Amino acid sequence: ALSVSSFLKIKIPSNYDPETHTYDGLWDGTFKFAWTDNPAWCLYDLIVNDRYGVNSYYSVTPDKWDFYEAGKYCDEMVDDGLGGKEPRYTFNYLITESQPGPDMLNQIASTFNAIIYEDAMGLVRLSVQDNEKQAVQIYNPTNITSEGFVYSFADPSIRYNDFTVTFLNPKLNWEEDRRRVTKPYGDESINSYGRIPYDFNAIGCTKESEAI
């Protein structure tokens, strides 16, 4: 069995402290080996490793700067629901069987709201969906027509509003545990449209707060 984060030392940025989840100054693009539970760097390792990763089958080159930005996003401190702070995303997962490379990579990327893709030059890129990005267009009255904007929304009656999240709970001897989450629509949507359930498996998640 192969554990991506718990037992392996993997490549991480040379300016990164995986114990404090902090980055010291600008990164020069070099790496060091250390333990980490940052999902972006676990994913990077599964691509570049030439023994058990994608590169053991065929040569691919990930954009390390994309992964660096994603890694910092995963390490940003957020509320843990108990009055403290914790990294936004961590990853602790035991890989016990072979899986198709693209399936595994996309599965791990999804744990921190990212997608992985190959650009026209053959470079493996990573894009995080909900992190802050620079504006690509500024709108003001000088470049908006009198008709304004047209918005489209999914019908509220088909939006999921009742989630059951499965994660591994260390307090239960690492057995599966579940939490019911009705955010962001809450009981108001359930009262209006009925329960529209969705079961979600939080892969690599070992914290109740992160699962929620």
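Predicted model only: the values in this text are computed from it and were never measured.
- The backbone N or O of Asn140 sits less than 3.5 Å from a side-chain atom of Asn143, completing a donor-acceptor pair.
- Considering CG of Leu8 and CG of Asn49, their distance stands at 8.0 Å, rounded to 0.5 Å.
- Checked against the 6.0 Å centroid criterion, the rings of Phe91 and Phe112 do not qualify as a close aromatic pair.
- Contact annotation: the side chain of Lys207 never approaches that of Phe167 to less than 4.5 Å [non-hydrogen atoms, C-beta and beyond].
- Taking the six-membered ring wherever Trp is involved, the centroid distance between the rings of Tyr139 and Phe149 falls below 6.0 Å.
- Tyr73 and Phe67 fall within the same hydrophobic cluster, defined by Ile, Leu, Val, Met, Phe, Trp and Tyr side-chain heavy atoms under 4.5 Å apart, directly or through other members.
- Taking the salt bridge (Lys or Arg N to Asp or Glu O under 4.0 Å) definition, one finds that Glu208 meets it with Arg179, sequence neighbours left out.
- Ring centroids of Tyr44 and Phe31 are separated by less than 6.0 Å, placing the two rings close together.
- A distance of 11.0 Å separates OG in Ser127 from CD1 in Ile116, rounded to the nearest 0.5 Å.
- Note that CG of Leu105 and CG of Asp103 are 9.0 Å apart. Values are rounded to the nearest 0.5 Å.
- Here the shortest heavy-atom pairing between Ala211 and Val165 reads O-CG1, 3.5 Å.
- At distances below 3.5 Å, not a single donor-acceptor pair connects side-chain atoms of Asp45 with backbone N or O atoms of Trp41.
- Proximity of a side-chain donor or acceptor of Asn161 to a complementary backbone N or O of Tyr193 within less than 3.5 Å is not detected.
- Under the 4.5 Å side-chain contact rule for hydrophobic residues, Phe163 and Ile158 do not share a cluster.
- A pairwise comparison of heavy atoms in Pro18 and Ala34 identifies CG-CB, 4.2 Å as the closest pair.
- Partners of Glu175 according to the salt bridge (Lys or Arg N to Asp or Glu O under 4.0 Å) rule, which considers only residues two or more places apart in sequence or in another chain, do not exist here.
- Aromatic ring orientation, Trp27 versus Tyr68: parallel (interplanar angle below 30°, classes split at 30° and 60°).
- Taking every heavy atom of both residues into account, Asn55 and Ile47 meet most closely at ND2-O, 2.7 Å.
- Residues Met104 and Ile10 are members of one and the same hydrophobic cluster, defined by side-chain heavy-atom contacts under 4.5 angstrom among Ile, Leu, Val, Met, Phe, Trp and Tyr.
- Every side-chain contact (heavy atoms from CB on, under 4.5 Å) that Asp63 has, sequence neighbours left out, goes to Trp65, Asp66, Leu123, Arg125.
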* To do: Decide yes or no on side-chain hydrogen bond (donor to acceptor under 3.5 Å, both in side chains) for Asn169 and Thr206, but give the supporting numbers first.
  => CA-CA 6 Å; Asn169 193 338; Thr206 57; over 6 Å; no
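- Distance OG1/Thr90 to NE2/His21: 7.5 Å, rounded to 0.5 Å.
- Note that CG of Asn201 and OG1 of Thr111 are 11.0 Å apart. Values are rounded to the nearest 0.5 Å.
- Between Lys64 and Gly29 the shortest heavy-atom distance is NZ-O, 2.9 Å.
- Just one residue in the list Asp37, Asn113, Asn38 forms a side chain to side chain donor-acceptor pair (under 3.5 Å) with Tyr89, and that residue is Asn113.
- For the atom pair OG of Ser189 and CZ of Arg159, the computed distance is 8.0 Å after rounding to the nearest 0.5 Å.
- Ion pair Lys85/Asp79 flagged as a salt bridge, since at least one NZ, NE, NH1 or NH2 atom sits closer than 4.0 Å to an Asp/Glu carboxylate oxygen.
- Scored by the side-chain contact (heavy atoms from CB on, under 4.5 Å) test, Ser110 finds no partners at all (sequence neighbours excluded).
- Residues that satisfy the side-chain contact (heavy atoms from CB on, under 4.5 Å) test with Lys32, not counting sequence neighbours, are Ile12.
- Residues forming a side-chain contact (heavy atoms from CB on, under 4.5 Å) with Asp162 (at least two apart in sequence, or on another chain): Arg180, Thr182, Ile190, Arg195.
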